[in-house]
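Note that these values count all heavy atoms, side chains included, but never hydrogens, waters or copies made by symmetry. Chain naming here is simple, since letters A, B, ... match the order of the sequence lines and numbering starts at 1 in each.
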Number of protein chains: 2
Amino acid sequence: MNVSSIQDEAALSERQIGVLAAVLRLLVETGDRLTMAAVARAASCSKETLYKWFGDRDGLLAATVRWQAARVRVGPVDRSRLDRERLAERLEEFAINWLSVISTDTSIALNRVAIGAAAKAGAAGPGTGAADPHSLGAIVLENGRFAMGRRLKPVLEAGREAGLLAFDDAEEAFRTFFGLVARDIHIRLLLGDRIVLDPERIRGEAARAVGQFLALHGADPQTGAAGA
Amino acid sequence: MNVSSIQDEAALSERQIGVLAAVLRLLVETGDRLTMAAVARAASCSKETLYKWFGDRDGLLAATVRWQAARVRVGPVDRSRLDRERLAERLEEFAINWLSVISTDTSIALNRVAIGAAAKAGAAGPGTGAADPHSLGAIVLENGRFAMGRRLKPVLEAGREAGLLAFDDAEEAFRTFFGLVARDIHIRLLLGDRIVLDPERIRGEAARAVGQFLALHGADPQTGAAGA
DNA sequence: CTAGTACCGTACGGTACAGTACGCTGCGCT
DNA sequence: AGCGCAGCGTACTGTACCGTACGGTACTAG
């Protein structure tokens with residue numbers, strides 16, 4: 001199906017990035033009613049060029065998702081001397097960043113497209129084994145949920161080494177943090193519920209989530225961890 | 001757009017229910033590649049009848065979602081004398097039920113369709129005000145997330161009155177519970193990640209979530225609440 | 001037996017859109 | 001100048017599918 005002249009790490013020309021930006025804009029504006037003709041028009045290029053570059057409608061979508069996902073990266077882990085204050089700050093920063101990203105129009109649009117793609121391909125799967133790693137859903141997951149896990153876990157482990165956190169499994173601890181941050185927000189946004197998420201509110205949500213997480217996994221002098 | 005000969009509370013005939021069941025089956029099997037012709041074939045009825053009954057493709061989808069959502073209801077709130085044991089049991093029951101539902105093929109398919117519909121209608125909205133209450137997304141939200149909230153909040157409040165729980169706002173407490181139960185599971189399922197959720201695992205997740213929730217909002221003799 | 005009703009099966013019109021073919025333009029190279 | 005190439009714009013093909021129309025069938029009422 002997907003010839004993909006664009007390999008994973010192939011550099012994108014300026015022009016091609018323009019195309020992807022146009023795709024993203026259209027995706028946000030018109031939902032998944034995205035047509036190749038509309039992309040060509042919006043990007044001032046010909047359909048034939050689109051097919052030459054991206055091989056396929058799916059290839060175009062995948063390239064867009066990959067490209068957008070690549071720009072989510074944020075500041076590196078500052079591993080230097082953790083005290084409780086610094087750790088909480090770091091976690092809050094993560095939470096704020098995460099909430100800011102998932103409430104973005106582009107993030108919502110991309111997640112919706114990926115979920116739609118998963119719906120199309122969902123039934124054919126053999127049941128055993130993980131989902132096709134080239135699917136949009138896998139890409140979004142990989143660059144969203146899992147990337148965040150990879151970035152946060154070192155922080156958690158540093159916190160544990162510094163005696164500030166207590167947990168058995170960093171993955172589990174991260175998932176709890178994830179749940180405390182997102183709660184019902186993500187699914188509501190995806191389903192079209194209009195939630196006001198101004199920076200104020202995001203900051204508040206982040207502070208609450210971090211407080212709760214520390215209440216669960218903060219290392220009290222006397223208590224062990226409460227995790228499963 | 002949607003003429004909907006089927007009003008919200010109109011009784012569905014046996015035959016019509018058969019059609020909706022077929023829609024659901026096809027939705028699970030073929031993703032949102034659902035065509036009216038396929039439905040007619042699967043339900044052994046004519047397309048014309050489909051249009052007469054449901055007015056529209058959207059109407060058919062909405063009827064299916066409503067019908068399926070209506071069967072999520074579960075046991076009533078047993079308000080009789082709460083002790084800590086009983087409360088935890090009740091919460092676990094909720095969590096187990098919730099996880100069981102959202103990991104169902106049909107639930108996933110329906111959520112995906114609703115999210116896809118939200119994607120199509122997403123950009124046209126005026127921005128202010130809530131989403132169209134007739135949209136599939138709104139229906140799913142109303143019968144899923146919000147129905148669960150309405151059912152769980154009395155339990156939480158009963159727990160508070162019995163001195164077992166401490167929180168300021170039942171809605172906020174519920175959202176925390178929601179986050180602790182679902183964590184990253186729902187979004188991963190929607191995006192096509194294959195997670196094994198056997199009853200064993202579900203029970204474990206539920207127990208953990210309840211433990212964490214009680215750690216956050218359980219009324220210790222000495223401590224106030226930690227909620228925001 | 002005739003008329004009416006409710007429905008099945010299928011054929012048809014119309015439209016939207018993926019993917020392809022082709023002509024034309026401008027640019028670098030020799 | 002002549003050649004090749006990258007790419008724009010557009011016209012074209014094929015297909016999928018929504019929504020409708022129509023003929024045929026079973027069943028009921030009078």
Participant: Report the residues that fulfil salt bridge (Lys or Arg N to Asp or Glu O under 4.0 Å) with Glu142(A), sequence neighbours left out, ordered by chain and then residue number.
Facilitator: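 If we apply the salt bridge (Lys or Arg N to Asp or Glu O under 4.0 Å) test to Glu142(A), skipping adjacent residues, the hits are Arg150(A).
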Participant: In this structure, how many angstroms lie between the P atom of dG19(D) and the CG atom of Leu60(B), rounded?
Facilitator: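 About 10 Å, once rounded to whole Å.
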Participant: Nearest whole angstrom, please: distance from the P of dC18(D) to the NZ of Lys52(B).
Facilitator: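 Answer to the nearest Å: 20 Å.
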Participant: Kindly say if Trp53(B) contacts the phosphate of dA6(C), meaning a side-chain N or O under 4.0 Å from OP1 or OP2.
Facilitator: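 False: Trp53(B) side-chain N/O out of range (4.0 Å or more) of dA6(C) OP1/OP2.
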Participant: Rounded to whole Å, how long is the line connecting atom CZ of Phe54(B) with atom P of dC18(D)?
Facilitator: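 After rounding, the reported distance stands at 15 Å.
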Participant: Expressed as a whole number of angstroms, how long is the span from Glu14(A):CD to dG7(D):P?
Facilitator: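 Going from CD in Glu14(A) over to P in dG7(D) covers 14 Å.
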Participant: What do the steps show when you test Phe177(A) against His217(A) for side-chain contact (heavy atoms from CB on, under 4.5 Å), and what is the final call?
Facilitator: CA-CA 10 Å; Phe177(A) 185 66; His217(A) 286 295; over 6 Å; no
Participant: Without decimals, in angstroms, what is the distance between Gln16(B) CD and dC8(C) C1'?
Facilitator: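 My rounded result for the distance is 16 Å.
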Participant: May I ask you to evaluate whether Thr49(B) reaches the phosphate of dC7(C), defined as a side-chain N or O under 4.0 Å from OP1 or OP2?
Facilitator: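 Looking at the OP1 and OP2 atoms of dC7(C), neither is under 4.0 Å from any side-chain N or O of Thr49(B).
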Participant: Does the side chain of Arg41(B) get closer than 4.0 angstrom to OP1 or OP2 of dC17(D) through an N or O atom?
Facilitator: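 The answer is no; no side-chain N or O of Arg41(B) sits under 4.0 Å from OP1 or OP2.
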Participant: Check the interface with nucleotides 18-22 of chain C: list each N/O to N/O pair with the protein under 3.5 Å, or write none.
Facilitator:
residue : atom : partner  : partner atom : Å
dA18(C) : OP1  : Leu34(A) : O            : 3.4
dA18(C) : OP1  : Arg57(A) : NE           : 3.1
dA18(C) : OP2  : Met36(A) : N            : 3.0
dG19(C) : OP1  : Asp56(A) : OD1          : 3.1
dG19(C) : OP2  : Asp56(A) : OD1          : 3.2
dG19(C) : OP2  : Arg57(A) : N            : 3.3
dG19(C) : N7   : Lys47(A) : NZ           : 2.9
dG19(C) : O6   : Lys47(A) : NZ           : 2.6
dC22(C) : N4   : Glu48(A) : OE1          : 2.1

Participant: Sub-3.5 Å donor-acceptor pair from the side chain of Arg66(A) to the main-chain atoms of Ile139(A), do we have one?
Facilitator: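 Not confirmed, Arg66(A) side chain does not pair with Ile139(A) backbone.
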Participant: What is the ring orientation for Trp98(A) with His186(A), classed by angle as parallel under 30°, tilted 30 to 60°, or perpendicular over 60°?
Facilitator: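 Correct class here is perpendicular.
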Participant: Can you sort out the partners of Arg57(B) under salt bridge (Lys or Arg N to Asp or Glu O under 4.0 Å), two or more places apart, ordered by chain and number?
Facilitator: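 So Arg57(B) forms no salt bridge (Lys or Arg N to Asp or Glu O under 4.0 Å) with any residue.
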Participant: Give the intermediate values and the outcome of side-chain contact (heavy atoms from CB on, under 4.5 Å) for residues Arg188(B) and Phe146(A).
Facilitator: CA-CA 10 Å; Arg188(B) 285 173 69 174; Phe146(A) 288 112; 3.7 Å; yes
Participant: To the nearest Å, give me how far apart CG (Leu50(B)) and P (dT10(C)) are.
Facilitator: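 From Leu50(B) CG to dT10(C) P: 15 Å.
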